[in-house]
**Student:** 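Before I ask anything, let me first share the structure, which is written out below as structure tokens.
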Amino acid sequence: MPEPPPGPATVPASRTSREGESGVPGRRVGHSGTDGAGRVREWRPPFPLDLAGTLAPLRRGRGDPTWRSAADGAAVWRTCTTPDGPATMRVARRSDGTVVATAWGPGTDRVLDGLPSLLGADDDPAAFTAHHPLIADAARRRPGLRFGATRRVWDVLVPAVLEQKVTGVEARRSWRELCHRFGDPAPGPAPDGMRVPPTPAQIRAVPDWAWHRAGVDSARRRAILACAAVASRLEGAAGLGGEDGRILLRRVPGIGVWTAAEIAQRAWADADAVSFGDFHIPTLVGWALVGRPLDDAGMLAVLAPYVPQRARAVRYVELSGFRRPRFGPRFSPRDYRAM
């Protein structure tokens with residue numbers, strides 16, 4: 001579903017609005033800046049929304065410096081870069097279903113304008129048909145789960161490259177190190193320790209020894225630096241969307257099918273972008289749907305009935321609670337800093 005047109009102008013903070021109940025953006029209240037007031041946008045999703053589940057793929061581990069969430073899941077804080085500068089946004093929901101987003105920093109208008117997309121307004125799960133009982137059950141239990149679109153490639157590209165061919169523990173440690181050392185402090189009254197993802201310019205300035213300290217090997221470093229050199233052009237992938245957007249990303253050395261899919265799922269809500277080449281996903285999908293492990297070719301065949309929403313089918317499998325049998329030791333993390 002396309003994003004609705006821009007909402008009304010700023011109104012005094014004493015007024016509230018319930019616009020957006022049919023997909024029309026709500027009003028913005030207050031002002032933006034680095035103080036505690038921020039600028040507010042209220043939006044009523046015209047569909048069931050699992051707020052925490054839709055935003056969860058943007059979180060890179062429990063210690064992600066760009067993310068904080070309330071203990072009860074009622075509110076999420078996240079930081080991001082934009083063409084206008086950094087931004088912090090807090091997203092919460094009232095009991096009547098209205099989403100209230102408050103933003104600070106130079107990128108405030110950008111992130112508030114993108115709120116519907118971030119919460120799944122560009123996605124269309126209604127067109128999805130389940131062909132396996134496990135997937136049908138997961139879809140029934142998670143009716144508000146959607147693919148959210150950040151509309152920003154760079155912020156999801158760097159952590160995706162860091163996750164290439166290493167364990168999640170290694171990748172998340174590298175992400176934390178780069179954000180803490182080279183990202184800016186979060187604008188506004190963000191929770192302590194929050195940082196903005198490093199910009200392309202900040203990444204290009206990272207010295208060799210700092211990459212090593214962050215545990216990033218030369219192959220992933222080269223891929224990230226190659227992307228940083230053409231970052232503004234790569235943002236066009238979100239506008240292209242679909243396979244065309246993934247093809248644009250794969251023109252950069254070091255960005256393959258797996259990485260492009262991980263970016264596409266988050267940047268433009270690509271519900272058909274399957275992460276082929278993943279160490280775990282084909283085996284999980286195989287055991288869950290046909291009772292045996294699969295390789296990429298086998299998973300491609302099993303997911304064929306789900307085109308053009310194959311990635312949604314995989315997400316339902318991941319969230320179903322199914323656990324594949326384990327027959328050996330887990331893959332051990334490597335510490336590139338000791339090499």
**Student:** Look at the side chain of Gln164 and the backbone N and O of Ala223, then say whether any donor-acceptor pair between them is shorter than 3.5 Å.
**Tutor:**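 Answer holds: no.
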
**Student:** Quick one: does Glu177's side chain have a donor or acceptor within less than 3.5 Å of a partner on Val216's backbone?
**Tutor:**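 Here the side-chain-to-backbone pair does not exist.
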
**Student:** Any side-chain heavy-atom pair from Trp175 and Pro197 closer than 4.5 angstrom?
**Tutor:**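 Trp175 vs Pro197: side chains touch.
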
**Student:** In Å and rounded to the nearest 0.5 Å, what is the CH2 to CD1 distance from Trp211 to Ile224?
**Tutor:**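 Nearest 0.5 Å value for the CH2-CD1 distance: 4.5 Å.
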
**Student:** Run the side-chain contact (heavy atoms from CB on, under 4.5 Å) test on Asp272 and Glu243 for me, step by step, so that the C-alpha distance in whole Å, both residues' side-chain angles and the decisive distance to 0.1 Å come before the verdict.
**Tutor:** CA-CA 9 Å; Asp272 198 48; Glu243 179 64 16; over 6 Å; no

**Student:** Without placing hydrogens or testing angles, list every side-chain donor-acceptor pair under 3.5 Å for residues 45-55, not counting sequence neighbours.
**Tutor:**
residue, atom, partner, partner atom, Å
Asp50, OD1, Gly53, N, 2.8
Asp50, OD2, Arg142, NE, 3.2
Asp50, OD2, Arg142, NH2, 2.9
Thr54, OG1, Asp50, O, 2.8
Thr54, OG1, Arg146, N, 3.3

**Student:** Looking only at heavy atoms, which two atoms of Gly215 and Arg220 are closest? And how far apart?
**Tutor:**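 For Gly215 versus Arg220, the nearest heavy atoms are O-NH2, 3.0 Å.
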
**Student:** Going by heavy atoms in the side chains, are Leu289 and Met299 under 4.5 Å from each other?
**Tutor:**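 No - every pair of side-chain heavy atoms lies 4.5 Å or more apart.
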
**Student:** Which value, rounded to the nearest 0.5 Å, describes the distance between Cys179 atom SG and Gln202 atom CD?
**Tutor:**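 So the SG of Cys179 and the CD of Gln202 are separated by 10.0 Å.
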
**Student:** Who passes side chain to side chain donor-acceptor pair (under 3.5 Å) against Thr88, sequence neighbours left out?
**Tutor:**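 Once residues adjacent in sequence are excluded, Thr88 has no partner under the side chain to side chain donor-acceptor pair (under 3.5 Å) criterion.
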
**Student:** Write out all pairs satisfying salt bridge (Lys or Arg N to Asp or Glu O under 4.0 Å) with one or both partners inside residues 76-91, taking only residues at least two apart or from two chains.
**Tutor:**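 Non-adjacent pairs meeting salt bridge (Lys or Arg N to Asp or Glu O under 4.0 Å): Asp84-Arg110.
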
**Student:** How would you list, by chain and number, every residue that makes a ring-ring contact (aromatic ring centres under 6.0 Å, His included) with Phe128, sequence neighbours excluded?
**Tutor:**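 In terms of ring-ring contact (aromatic ring centres under 6.0 Å, His included), with neighbours along the sequence ignored, Phe128 is linked to Tyr306, Tyr316.
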
**Student:** Can you tell me how far OG1 of Thr66 sits from CZ of Arg60, rounded to the nearest 0.5 angstrom?
**Tutor:**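 Arg60 atom CZ to Thr66 atom OG1 measures 8.5 Å (nearest 0.5 Å).
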
**Student:** Applying salt bridge (charged side-chain N to carboxylate O under 4.0 Å, His left out), name anything that partners Arg266, two or more places apart in sequence or on another chain.
**Tutor:**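 Arg266 satisfies salt bridge (charged side-chain N to carboxylate O under 4.0 Å, His left out) with Glu262 only.
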
**Student:** For Pro191, does its backbone N or O pair with a side-chain atom of Arg68 as donor and acceptor, under 3.5 Å?
**Tutor:**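 Such a contact is absent between Arg68 side chain and Pro191 backbone.
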
**Student:** Check ring-ring contact (aromatic ring centres under 6.0 Å, His included) between Phe147 and all other residues, then give those that pass, not counting sequence neighbours.
**Tutor:**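 ring-ring contact (aromatic ring centres under 6.0 Å, His included) check on Phe147 returns nothing, list empty.
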
**Student:** Identify whether Val158 and Val252 are in the same connected component of the hydrophobic contact network (ILVMFWY, side-chain heavy atoms under 4.5 Å).
**Tutor:**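 Same hydrophobic cluster.
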
**Student:** Residues two or more places apart in sequence or in another chain: which of them pass salt bridge (charged side-chain N to carboxylate O under 4.0 Å, His left out) with Asp137?
**Tutor:**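 Arg140, Arg141.
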
**Student:** Running the 4.5 Å side-chain criterion over Ile, Leu, Val, Met, Phe, Trp and Tyr, what cluster does Leu240 land in, apart from itself?
**Tutor:**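 Taking Ile, Leu, Val, Met, Phe, Trp and Tyr as members, Leu240 shares its hydrophobic cluster with Leu248.
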
**Student:** Give the minimum heavy-atom separation between Arg310 and Leu300, together with the two atoms involved.
**Tutor:**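 Scanning both residues, the minimum pair turns out to be NH1-CD1, 3.4 Å.
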
**Student:** Using the rule given for side-chain contact (heavy atoms from CB on, under 4.5 Å), can you reason through Cys227 versus Trp154, listing the C-alpha separation, both sets of side-chain angles and the distance that settles it, and then say yes or no?
**Tutor:** CA-CA 8 Å; Cys227 291; Trp154 175 253; 4.2 Å; yes

**Student:** What are the two closest non-hydrogen atoms of Ala311 and Ala273, and how far apart are they?
**Tutor:**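 So the minimum-distance heavy-atom pair works out to CB-O, 3.4 Å.
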
**Student:** Are any non-hydrogen side-chain atoms of Thr150 and Asp155 less than 4.5 angstrom apart?
**Tutor:**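 Counting from C-beta outward, Thr150 and Asp155 never come under 4.5 Å.
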
**Student:** Start with the C-alpha gap between Arg151 and Asp122, add the side-chain angles, then the distance that decides, and say whether side-chain contact (heavy atoms from CB on, under 4.5 Å) holds.
**Tutor:** CA-CA 10 Å; Arg151 312 306 299 175; Asp122 298 343; 3.9 Å; yes

**Student:** Specify the closest pair of heavy atoms between Val153 and Ala237, including all atoms of both residues, with the distance to one decimal.
**Tutor:**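 So the minimum-distance heavy-atom pair works out to CG2-CB, 4.4 Å.
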
**Student:** Could you check whether any side-chain heavy atom of Arg172 comes within less than 4.5 Å of a side-chain heavy atom of Asp64, counting everything from C-beta outward?
**Tutor:**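 Arg172 vs Asp64: side chains apart.
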
**Student:** Quick one: do Asp217 and Lys165 make a salt bridge, cutoff under 4.0 Å?
**Tutor:**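 So Asp217 does not pair with Lys165 through a salt bridge.
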
**Student:** Salt bridge (charged side-chain N to carboxylate O under 4.0 Å, His left out) with Arg315: which residues, sequence neighbours excluded?
**Tutor:**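 Scan of Arg315 (salt bridge (charged side-chain N to carboxylate O under 4.0 Å, His left out), adjacent residues dropped) gives none.
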
**Student:** Would you give the length of the straight line joining atom CG of Asp296 to atom CG of Asp278, rounded to the nearest 0.5 angstrom?
**Tutor:**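 Answer rounded to 0.5 Å: 8.5 Å.
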
**Student:** Does any non-hydrogen side-chain atom of Leu303 lie less than 4.5 Å from one of Val314?
**Tutor:**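 Sidechains of Leu303 and Val314: in contact.
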
**Student:** Can you tell me how far CE of Met194 sits from OG1 of Thr79, rounded to the nearest 0.5 angstrom?
**Tutor:**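 Between Thr79 OG1 and Met194 CE, I get 4.5 Å after rounding to 0.5 Å.
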
**Student:** Could you tell me the separation between the CZ atom of Arg152 and the CG atom of Leu157, rounded to the nearest 0.5 Å?
**Tutor:**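 The CG atom of Leu157 is 10.5 Å from CZ of Arg152, to the nearest 0.5 Å.
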
**Student:** Taking the side chain from Ser174 and the backbone from Ala214, do they hold a donor-acceptor pair closer than 3.5 Å?
**Tutor:**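 The answer is yes, because a donor-acceptor pair under 3.5 Å joins these two groups.
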
**Student:** Let's go through Leu118 and Met89 carefully: what are the C-alpha distance in whole Å and the side-chain angles of both, what is the deciding distance for side-chain contact (heavy atoms from CB on, under 4.5 Å) to 0.1 Å, and is it a yes or a no?
**Tutor:** CA-CA 11 Å; Leu118 183 69; Met89 183 163 65; 3.4 Å; yes

**Student:** Please tell me whether Trp258 and Ile255 are part of a single hydrophobic cluster in this structure, the criterion being side-chain heavy atoms less than 4.5 Å apart.
**Tutor:**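 The answer is no; the residues belong to distinct hydrophobic clusters.
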
**Student:** Closest heavy-atom contact between Ile203 and Leu225?
**Tutor:**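 Taking every non-hydrogen atom into account, O-CD2, 3.7 Å.
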
**Student:** Do Cys80 and Val111 come close enough that some side-chain heavy atom pair is under 4.5 Å?
**Tutor:**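 In short, these two side chains touch, coming nearer than 4.5 Å.
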
**Student:** So do Arg39 and Asp109 actually touch side chain to side chain, heavy atoms under 4.5 Å?
**Tutor:**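 SC-SC contact between Asp109 and Arg39 confirmed.
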
**Student:** Any salt bridge (Lys or Arg N to Asp or Glu O under 4.0 Å) involving residues 184-197? Give me the pairs, sequence neighbours left out, ordered by first then second residue.
**Tutor:**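 Qualifying pairs: none.
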
**Student:** Ile247 and Val161: same hydrophobic cluster, using ILVMFWY side-chain contacts below 4.5 Å?
**Tutor:**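 No, because Ile247 and Val161 fall into different hydrophobic clusters, even though each may have its own neighbours under 4.5 Å.
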
**Student:** Is any side-chain heavy atom of Leu178 less than 4.5 Å from a side-chain heavy atom of Leu162?
**Tutor:**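 Touching, per the 4.5 Å side-chain cut-off.
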
**Student:** List in chain and number order the residues that pass ring-ring contact (aromatic ring centres under 6.0 Å, His included) with Trp67, two or more places apart in sequence or in another chain; answer none if no residue qualifies.
**Tutor:**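 Partners of Trp67 under the ring-ring contact (aromatic ring centres under 6.0 Å, His included) test: none.
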
**Student:** Under the rule for side chain to side chain donor-acceptor pair (under 3.5 Å), what residues qualify as partners of Trp268, not counting sequence neighbours?
**Tutor:**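 Here the qualifying residues are Asp270.
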
**Student:** Could you state whether Val274 and Val285 fall into the same hydrophobic cluster, counting links through intermediate Ile, Leu, Val, Met, Phe, Trp or Tyr residues with side-chain heavy atoms under 4.5 angstrom apart?
**Tutor:**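 Result: yes, single cluster for both.
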
**Student:** Under 4.5 Å between side-chain heavy atoms, hopping through other hydrophobics if needed: is there a path connecting Trp287 to Val317?
**Tutor:**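 Cluster IDs for Trp287 and Val317 match.
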
**Student:** Testing the basics here: between Gly63 and Arg176, what is the closest heavy-atom pair and its distance to 0.1 Å?
**Tutor:**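 It is O-CD, 3.2 Å.
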
